[in-house]
Amino acid sequence: MKHCAGQIKYLIAIKELSEQNELVRCVNISRHLGVSRPSVSKMLRCLSASGLVFDDFCNSVRLTDEGRAAVDEIFSVFGEVYVFFRKFLKLPHDEAHEQAVKFITEFPHETCERLKTIVKRTVIKKEKSAND
């Protein structure tokens with residue numbers, strides 16, 4: 001993955017907030033991530049310069065096609081990493097979410113892909129044995 005940890009965290013926040021509300025605003029991102037509004041503005045300028053969000057983010061934050069593709073790539077492994085922390089390690093939702101975000105932002109993409117594969121394989125085996 002070619003995005004830095006901060007960009008990934010913000011892209012995850014934008015996706016999650018957009019699923020809850022129609023408009024994603026800077027103040028919503030600030031609350032969601034527990035950071036200051038100036039920090040949000042700074043990162044949104046960075047995301048805009050990278051072509052991931054539209055540059056008119058003052059009223060609402062919207063992902064570009066490239067931004068949506070980046071979010072899809074992030075969430076292609078996020079779900080299984082979250083399942084690992086939630087179902088396998090039995091962490092509460094918030095803690096599992098936080099750990100999954102840390103994992104995908106701090107570990108190499110290849111490592112995340114490997115964990116994704118292991119989790120998928122294990123879940124499939126559990127489902128098969130439950131059906132037998």
Side-chain angles (χ1 to χ4, degrees):
M1 197 169 308
K2 59 187 174 206
H3 308 292
C4 72
Q7 289 174 324
I8 294 169
K9 288 177 187 176
Y10 275 78
L11 290 170
I12 290 170
I14 292 166
K15 169 143 172 68
E16 291 174 344
L17 289 167
S18 68
E19 291 173 348
Q20 297 171 6
N21 303 316
E22 282 187 30
L23 292 177
V24 177
R25 298 176 50 224
C26 293
V27 67
N28 303 110
I29 296 170
S30 173
R31 286 185 193 132
H32 189 76
L33 294 175
V35 298
S36 69
R37 281 192 251 173
S39 294
V40 173
S41 294
K42 183 177 179 181
M43 180 55 79
L44 289 177
R45 281 192 296 277
C46 174
L47 292 172
S48 175
S50 299
L52 300 172
V53 298
F54 288 103
D55 59 4
D56 61 344
F57 55 79
C58 291
N59 293 324
S60 69
V61 179
R62 294 177 300 122
L63 295 168
T64 62
D65 288 340
E66 187 177 342
R68 280 190 290 282
V71 166
D72 289 346
E73 182 182 356
I74 292 164
F75 276 86
S76 74
V77 295
F78 182 82
E80 280 78 11
V81 173
Y82 171 81
V83 166
F84 172 75
F85 287 106
R86 181 77 170 121
K87 305 284 184 186
F88 290 54
L89 298 185
K90 310 274 190 238
L91 297 178
H93 166 73
D94 290 344
E95 192 175 342
H97 184 276
E98 180 182 331
Q99 293 299 318
V101 171
K102 281 184 183 178
F103 192 89
I104 67 170
T105 57
E106 295 180 15
F107 281 81
H109 184 68
E110 295 78 25
T111 303
C112 295
E113 286 289 341
R114 291 177 72 187
L115 180 61
K116 170 187 169 180
T117 302
I118 291 168
V119 169
K120 274 187 162 183
R121 211 175 320 151
T122 304
V123 167
I124 290 169
K125 284 181 185 178
K126 282 185 177 183
E127 288 172 355
K128 281 184 180 179
S129 66
N131 292 331
D132 290 341

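Any value given below was found using the heavy atoms of this structure, including those in side chains, with hydrogens, waters and symmetry copies removed. Counting from 1, the numbers follow the sequence of the chain as shown.
- Remark: side-chain polar atoms of K116 are paired, donor with acceptor, to backbone N or O of S76 under 3.5 angstrom.
- Other residues, nucleotides and ligands place no more than 12 heavy atoms under 6.0 Å from the CG atom of N59.
- Side-chain contact annotation: E16 with H97, donor-acceptor N/O pair under 3.5 Å present.
- In this structure, T111 OG1 and E113 CD are separated by 10.0 Å, a value rounded to the nearest 0.5 Å.
- For the atom pair CG of L11 and CG of L63, the computed distance is 6.5 Å after rounding to the nearest 0.5 Å.
- Each of K90, Q99, E98, H93 was evaluated against F85; a single residue qualifies, Q99, per the side chain to side chain contact (heavy atoms under 4.5 Å, CB included) test.
- Smallest separation of non-hydrogen atoms from C46 and Q7: SG-NE2, 3.5 Å.
- Note on F107: it clusters hydrophobically with L89, by side-chain heavy-atom contacts below 4.5 Å among ILVMFWY residues.
- Salt-bridge annotation for E110 and R114: absent, with no side-chain N of the basic residue lying under 4.0 Å from a carboxylate O of the acidic one.
- One hydrophobic cluster, built from ILVMFWY side chains closer than 4.5 Å, cannot hold both F54 and L47; they sit in different ones.
- Linking ILVMFWY side-chain heavy atoms closer than 4.5 Å, directly or via other members, places F88 and F78 in a single hydrophobic cluster.
- In this structure, I29 CD1 and S39 OG are separated by 12.0 Å, a value rounded to the nearest 0.5 Å.
- Atom NE2 of residue H3 and atom CG of residue L52 lie 5.0 Å apart, to the nearest 0.5 angstrom.
- Pairing each heavy atom of D55 with each of S48, the nearest pair is CB-OG, 3.1 Å.
- A donor-acceptor contact shorter than 3.5 Å is absent between the side chain of S60 and the backbone of R25.
- Of the possible donor and acceptor atoms, none in the side chain of E95 sits under 3.5 Å from a partner among the backbone N and O of P92.
- A side chain to side chain contact (heavy atoms under 4.5 Å, CB included) with K9 is found for one member of I14, I74, T105 and no other, namely T105.
- Residues V61 and Y10 form no side-chain contact, since every pair of their non-hydrogen atoms from C-beta on lies 4.5 Å or further apart.
- Between H32 and the options I12, V27, V40, L17, a side chain to side chain contact (heavy atoms under 4.5 Å, CB included) holds for only L17.
- The CZ atom of R37 lies 6.5 Å from the OG atom of S30; values are rounded to the nearest 0.5 Å.
- The distance from the OG1 atom of T117 to the CD atom of E80 is 8.5 Å, given to the nearest 0.5 Å.
- Heavy atoms from other residues, nucleotides or ligands lying under 6.0 Å from CZ of R68 number more than 12.
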